[in-house]
Amino acid sequence: MNSRRPVASHVAVRDGHILGAGTLEELAGWGSYELDERFADKVIMPGLVEGHAHSWEGSAWEDTFVGFMERTAPNGIRHQGCGSIDQVVDRLIKVEAALTDPDEALMAWGFDPIFFDGRRMNLADLDRVSTTRPVLVMHASGHIVNGNSMLLERGNITARTNVQGLMKDANGQPTGELQGPALRQIAYKAAGKDRFLDMGKGEALWRFAFSAQRAGVTTATDLANELPEATVESMTALTARDDFPLRIVPAFVGMSCSADDGIARVKSLIPRSNDKLRFGLIKLVADGSIQGFTARLKWPGYYNGAENGLWYIDPEELPRRLAAYHEAGLQVHIHTNGDQATEVTIDSIEQVLRNAPDADARFTLQHCQMAHDAHFRRMARLGICVNLFANHLYYWGDQHYAHTMGPERAHRMDAVGTAHKLGVAYAIHSDAPVTHLAPLFTAWCAVNRVTATGRVLGESERINVEDALHAITLGAAFTLKLDTEIGSIETGKRADFAILDDDPLTVDPMRLKDIPIWGTVTGGEIFPCSEIDCA
Amino acid sequence: MAAPVPLSVIGGFLGTGKTTLLNQLLNNRSGIRFAVLVNDFGDIVVDGDLIADHDGQSITFANGCVCCSLGNDLLATLTQLLAQDEPPEQILVEASGVADPRTIADFAALDSELFRDLVIVLVDAQTLRQRAADDRLSDTVTRQIAAADLIIMNKCDLVDADERRATRLWLQAQRGDIPIIETQHAQVPFDVLSAVPPSAASVAKMPAHHHGRNHTELFRSETMDKVEAVDLKILRQSLEALPSSILRVKGIVPVQDRDEPFFLVQLSGREIEIAPWRGTAPARTGLIIIGTPDMPDRRQLDQIFRAES
Ligand SMILES: [Zn+2]
């Protein structure tokens, strides 16, 4: 990915950094060396950079996966997708049979009823799994959970419970579907588990790192984290270890407290950064998700007529928060899914930059799935970067075509081609665990733009393989202001590599996602996938 | 178990006066211990003699009130507050500008230790209709107003009479069923905000209590002294029969045929809570009934409550 030397036969490494890439003779000039030929028949790429993932990718696997698309766990076990509610129930029955503690709650994640044509999961479904222990199924959206009768009993949720998000049947009985933050938190309390706290635990971070390693990723963001002290401690301890394979860039949740407190917290964390841990990034969230119908859309809104989504930050407060962090010298990434959220965010950034000009602030719009050409033109002029959610095209592209966006706007979603053409600095991402962590798959999505059923969305928005590989290395590093350290194989950068069994530039672009990954090298340490030891 | 703690939600956009309102409560001298949960206590003002302690997460006031940061996990914050040796007598949660305040009130509806008190939504008389016409905000404005049990139309001193009338009519068209009150500097009578009967306040410091018409004519209140024991079933029926012009009922009453001699009675909007009174024998029993100026008069109230006296 060094543009002057895109291909080389050898790379020399010293003290965790790259001495150079070239021929053996060229590199021999650096002095005596030990020739390591174990990757002679492999392809060495710059370590891949995942610009939008969550450490939740690690904690999620403590629970049973029941998503629609197949998924590989950090331990390498491949889990088939659940194509129906019955398949979800069958999987949970099997897992339940293996549980030894009779009181332990059974938790599942990734359930995505948007694929099931209106059929909702109900109490009877989950009571087939167990009537004696709580069963909790988290939806892929993260905003809805389903429970069994025991979970409702423990949470004291009955037909008399009168809150908006409690779904009831024609007879007024709860169906087991619980929407909204209050019911969700009650459900977790009733299950006796706190998955939010779990995210910062050491085991979860190890699993996050292994998941990344399997995908050839050597740097990943945790976007975002409240960064409580316990989490910071386990992050600093683990990343200081030579055998920890991942560099983590955690973003602080910039709206969980006042901007002043946020600035103070992040500034106190920056000195605790190390080679594999970089504090300083801030994340704000403007709206919800498109497939959850919570993204903020401009007219004419959702294709199926659903009402407009939710602001997660007051559009009038957004410029103030952005200004506070920006003027404190901190970089901000902003989650914007719908086009209205994107537009309000660009307006806000424009206002902030007018008062405190900075040509290299690298505000980055995360997801930015519905941005229009006009938005990209403004982003290019304002120096705003974008990290597009290319995986959506495959995962929910058909749903966007049929339900959320309708045909025309579905074609312009995650407009990587437009970003490229108009000169916006861009990356592409997985939002793991929302979709699976695998930048080569994400690149495949941006190159082919094929949905799960094989429909091509926005042929003109395709980019070529070289550009897609740039997006998952230097492109993502740029959005993190780490492009001087990582993202390419050249003198002085960190010795971070993805070791592939095949060459992404020569395989059929439709096979890009299938290239086996042998492992990674992080700071010169070699991490083969075959040696991952994880429950 | 102690009587459930009322939880009220204060909603409204930035700049509508939420913080002004909360400042009044936190600095109150009624003896009622409020806990106020806010996103950002940068703007919380403390009367010099009232501050007792300030750490990063909360401010404790000498009057027993506490203001703390909402945090990410409201349920955990509420659980902590309720587990204290001296839990607050009322909790107020400030909803962020764009939040649907109902989602916060849901926490109270789901917790047997909490009583869902009023959802109070503030609107700015100057900007409300502008916001309602802005397609970025209009549906959020509508959702907030739909969630309210009481609307406070604030900053009325900053608009002329025509604008004020037009804004009120616009609000009434949305919510003809709830009280809409016009204020300046978010000055709302304390009794309207507090769900705790004055006689139940932990500190025996009785506030100057308004009878009859409030000076600002925003509300009327009536005090029904109850010395004879009441039948709880009939009392509940009477409360259910009250019209929507009644915003609040609160008090402690003597009861018939129960182990506990006194019961705490609260009505907030349409929510009714009747629970045994665990404190020391109250200095005074009876109900305070608060409503808009068109609420039933004393004679009508007597009729409604007559069945049980
Ligand atoms: Zn995300």
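Note that the structure is predicted; figures quoted are calculated from it, not measured.
Contact detail for A/A259 and A/R321: the closest heavy-atom pair is N-NH1, 3.6 Å. The shortest heavy-atom contact between A/A295 and A/Y302 is O-OH, 2.8 Å. The shortest heavy-atom contact between A/F279 and A/I270 is O-CG1, 3.9 Å. When all heavy atoms of B/L26 and B/V66 are compared, the pair lying nearest together is CD2-O, 3.8 Å.
A/R265 has a carboxylate O that lies under 4.0 Å from a charged side-chain N of A/E229, or vice versa, which qualifies the two as a salt bridge. Remark: B/E240 does not engage B/K233 in a salt bridge, criterion side-chain N to carboxylate O under 4.0 Å.
Interface with chain A: from residues 127-135 of chain B, residues B/R131, B/D135 qualify, criterion being any non-hydrogen pair under 4.5 Å. Residue-level contacts of residues 5-18 of chain B with chain A, in order of numbering, are B/F13, B/L14; threshold 4.5 Å between heavy atoms. Within residues 138-158 of chain B, the residues having any heavy atom under 4.5 Å from a heavy atom of chain A are, by residue number, B/D139, B/T140, B/R143. Against chain B, the residues from residues 332-342 of chain A that qualify, each with a non-hydrogen atom under 4.5 angstrom away, are A/Q340 in number order.
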- Determine, step by step, whether B/L232 and B/I274 satisfy the side-chain contact (heavy atoms from CB on, under 4.5 Å) criterion, reporting the C-alpha distance in whole Å, the side-chain angles of both residues, the deciding distance to 0.1 Å, and the verdict. CA-CA 8 Å; B/L232 286 181; B/I274 301 176; 3.8 Å; yes
- Message: Let's go through B/D124 and B/V159 carefully: what are the C-alpha distance in whole Å and the side-chain angles of both, what is the deciding distance for side-chain contact (heavy atoms from CB on, under 4.5 Å) to 0.1 Å, and is it a yes or a no?
- Response: CA-CA 10 Å; B/D124 178 343; B/V159 293; over 6 Å; no
- Task: Show the numbers, then the answer: is there a side-chain contact (heavy atoms from CB on, under 4.5 Å) between A/L365 and A/I346?
- Result: CA-CA 9 Å; A/L365 304 192; A/I346 295 172; 4.0 Å; yes
- Item | Residue pair B/R116, B/R102: steps toward the side-chain contact (heavy atoms from CB on, under 4.5 Å) verdict | CA-CA 10 Å; B/R116 184 199 187 280; B/R102 229 172 343 201; 4.1 Å; yes
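For a residue to count as touching a neighbouring chain, one of its non-hydrogen atoms must lie under 4.5 Å from one of that chain's; by this rule B/R136 touches chain A with backbone and side chain alike. Neither the backbone nor the side chain of B/S96 comes within less than 4.5 Å of any heavy atom in chain A. Within the 4.5 angstrom heavy-atom criterion, no atom of A/D260 approaches chain B. Proximity to chain B is limited to the side chain of A/R320, based on heavy atoms less than 4.5 angstrom apart. Both the backbone and the side chain of A/L183 come within less than 4.5 Å of a heavy atom in chain B. Proximity to chain B (any heavy atom under 4.5 Å) is restricted, for A/K189, to the side chain, taken from C-beta onward.
Comparing A/E317, A/E343, A/E316 by how many heavy-atom pairs each has under 4.5 Å with chain B, the most go to A/E316. Of the listed residues (B/T79, B/L70, B/L137, B/D100), the one with the most heavy-atom contacts under 4.5 Å to chain A is B/L137. When each of A/A182, A/G180, A/P181, A/G165 is checked for heavy-atom pairs under 4.5 Å with chain B, A/A182 comes out on top. Top candidate by heavy-atom pairs under 4.5 Å with chain B, chosen from A/I186, A/T161, A/I157, is A/I186.
A donor atom on one side chain and an acceptor atom on the other are not found under 3.5 Å apart for A/H143 and A/Q179.
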